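One-based numbering, in listed order, for ligands and for the atoms of each. Source: prediction; values computed, not measured.
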Amino acid sequence: MKHELMQLPFEYNSLEPFIDEQTMKIHHTKHHQAYVNKLNTALENNKELQEKTLEELISGINSVPKEIQTAVKNNGGGVINHNFFWTVLKKDSNFGGEIAEAITKKFGSFEKFKEEFSNAAATLFGSGWAWLVLNNGKLEIIQTKNQDSPLSTNKIPLLALDIWEHSYYLKYMNNRPAYIEAFFNIINWDKVDELYKKAKE
Ligand code: MN3
């Protein structure tokens, strides 16, 4: 089974002005697509791994044969992280639901959560991701490097922010903090709430 590029759940211009159309188009059709292609190439000679779902591959990354492990981790991670990222983006979604209660309880307030998440995103050195995850039933903000996925360390992703320069450089250039600030206008809280409820089960 070949892995395929997931369709965006919205139009390329849907997140304007926070994320511009051109960035979205290149991000999806070039960067995301490249991870899909390279993942398929990495799995070319392994029939058994071709049958696995992406989630199985990334959760069980340590059992992937050494000679293709890095390629699967980087490119499979690139595919699954972007698949996830697109689903948690939406304009005009309000902070609410059980996740809002849980975040307020854990971090003190939405503002505190925003501060802590933004800090994780701002201080990541190089390329990677900032995440809100459920780790053993507890909410946690973490960073991962490159295309590493929280699934590889048994954490359940609830929210993600891509901090590779390709996700913001056209519009924000070197101003990563402005991109992080903009992100808070396009979080799909309904989706994050749905993921949270499912993760708790
Ligand atoms: Mn990206």
Determine which of the N, O or S atoms in Asp162 is closest to the Mn ion (ligand 1) and give its atom name. OD2
Let me check your reading of the structure: within less than 2.8 Å of the Mn ion (ligand 1), is there an N/O/S atom from His31? no
Does His166 bring an N, O or S atom to under 2.8 Å of the Mn ion (ligand 1)? yes
For His27, the option from Tyr35, Tyr168, Trp86 that meets ring-ring contact (aromatic ring centres under 6.0 Å, His included): Trp86
Charged N to carboxylate O below 4.0 Å: is that the case for Glu181 and Lys114? yes
Glu165/Arg176 salt bridge by N-O under 4.0 Å criterion: no
Please calculate the NE2(His82)-the Mn ion (ligand 1)-NE2(His27) angle and round it to 10 degrees. 90°
Please report whether the ring centroid of Tyr169 lies less than 6.0 Å from that of Trp164. no
